[in-house]
Amino acid sequence: MKRLNSQLQEDGAPMELILLLRTLLAGCKEIAFRVSQGALAGVLGSTLSDNVQGERQKKLDVISNQILKDILSESGYVKAISSEEEDDVVPCNPEGKYLVSFDPLDGSSNTDINSLIGTIFSITHAPQWMKPDDPSAFLQPGTQIVAAGYVLYGPSAMLALTTGRGTHLYTLDKTHGGFLLTTPNVKVPEKTSEFSINTSNQRHWEAPIQAYINDLLAGTEGPREKDYNMRWVAAMVGDIHRVLSRGGIFMYPYDKRDPSKAGKLRLLYEANPMAFLVEQAGGLAETGTGRIMEVMPTEIHQRVPVLIGSKEEVETCLSYNNKN
Ligand SMILES: O=P(O)(O)OC[C@H]1O[C@](O)(COP(=O)(O)O)[C@@H](O)[C@@H]1O
Ligand SMILES: [Mg+2]
Ligand SMILES: [Mg+2]
């Protein structure tokens, strides 16, 4: 099986980007090991502190964040880091060519129930004008991303990665510790009968989303004349991996619980990297009013509504905006 390195070279990735990705993934392998140790290593449970998102941090949030911060800041390739778990950007090597944004541990509510969790990341060029502690350099639209991916810590540790030449899936071979290419150029089916949304928020959704979901739930008796199945992993990395693997629509739309927030999921750490991966696999990634990757960020912890997945299903969902 092909190794990560040769696929990245085949995709024309510059050597320094390949070395940065290998460094980042070495951190993810360390996280995969810590996660697999679970209670044996005392990594389960919560800390006593809340992060800038206002969420109680899990021990694994803090551990994963520290592992990635250390390995990236020592690498020399990175000018600065922005993390879901850090209030501000973390300055690294002033000569570094790249910026890395990451969600060190996605699916935090799953850590203590041994369910799916992962790490999500994206890489952009570091503007020469920027000072390493300048957050404005991170306010680049998703169209500027040069590499994005996630590592899913599941029954097997899997990597989904794109450098803009398709999306490939790799599996971590624990015998020699390398990621091997298991699905090259994965394609998201255009049609699906599977949707993914936290329906406990239904009463807070806007009317078009309410109508769209009601029609899915109506099945063959309804206007869609087809039965749909529902899945919710409560970890975006797990739900998007299912979408990449067999199609579907994953949604975390705007809801009225907190009108000051445009959604729950973070643009830089979650929505943009997942949008790049799914678009490179032939799917769509929308906010409801436009392409996620064209959103011009205004701050590093910005949230956006998310509708991602099978092309025809996302288009149908968006068409409900025009219905009375
Ligand atoms: O608890 P809810 O409303 O189901 O939200 C689940 C969503 O929240 C998240 O867990 C947020 O990510 P973090 O765990 O990194 O904070 C997503 O992975 C997931 O899609
Ligand atoms: Mg997350
Ligand atoms: Mg997280």
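Only this structure's heavy atoms are used, side chains among them; waters, hydrogens and symmetry mates stay out. Order of listing sets the numbers, starting from 1, for every ligand and every atom in it.
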Quiz item: So Phe179 and Tyr170, ring-ring contact (aromatic ring centres under 6.0 Å, His included) or not? Walk me through it.
Solution: CA-CA 6 Å; Phe179 282 101; Tyr170 303 81; 7.1 Å; no
Quiz item: Is the distance between the Mg ion (ligand 3) and the nearest N/O/S atom of Leu105 smaller than 2.8 Å?
Solution: yes
Practice problem: Could you tell me whether Phe250 and Trp232 have their ring centroids closer than 6.0 angstrom? | Solution: yes
Exercise. Inspect the contact between Lys226 and Glu313 and indicate whether a charged nitrogen and a carboxylate oxygen are less than 4.0 angstrom apart.
Key: no
Quiz item: Would a distance-only check, ignoring hydrogens and angles, find a side-chain to backbone donor-acceptor pair under 3.5 Å from Asp61 to Ser64?
Solution: no
Self-check item: Nearest to the Mg ion (ligand 3) - the N/O/S atom of Asp103, by atom name
Solution: OD1
Quiz item: So which N/O/S atom does Glu270 have closest to the Mg ion (ligand 2)?
Solution: OE2
Quiz item: Counting backbone and side chain alike, does Glu84 bring an N/O/S atom below 2.8 Å of the Mg ion (ligand 2)?
Solution: no
Exercise. Determine which of the N, O or S atoms in Asp106 is closest to the Mg ion (ligand 2) and give its atom name.
Key: OD1
Quiz item: ligand 1: which residues have a non-hydrogen atom closer than 4.0 Å?
Solution: Glu55, Glu84, Asp103, Leu105, Asp106, Gly107, Ser108, Asn198, Trp232, Ala234, Ala235, Met236, Phe250, Tyr252, Lys264, Leu265, Arg266, Glu270
Quiz item: Is it the case that one hydrophobic cluster holds both Phe102 and Met158, taking links as side-chain heavy atoms less than 4.5 Å apart, direct or via other members?
Solution: no
Quiz item: For Tyr153 and Thr119, does a side-chain donor sit closer than 3.5 Å to a side-chain acceptor?
Solution: yes
Quiz prompt | side-chain contact (heavy atoms from CB on, under 4.5 Å), paired with Tyr212, selected from Ile249, Asn321, Leu307 | solution = Ile249
Practice problem: Keeping the roles fixed (side chain from Thr199, backbone from Gln202), state whether a donor-acceptor pair exists under 3.5 Å. | Solution: no
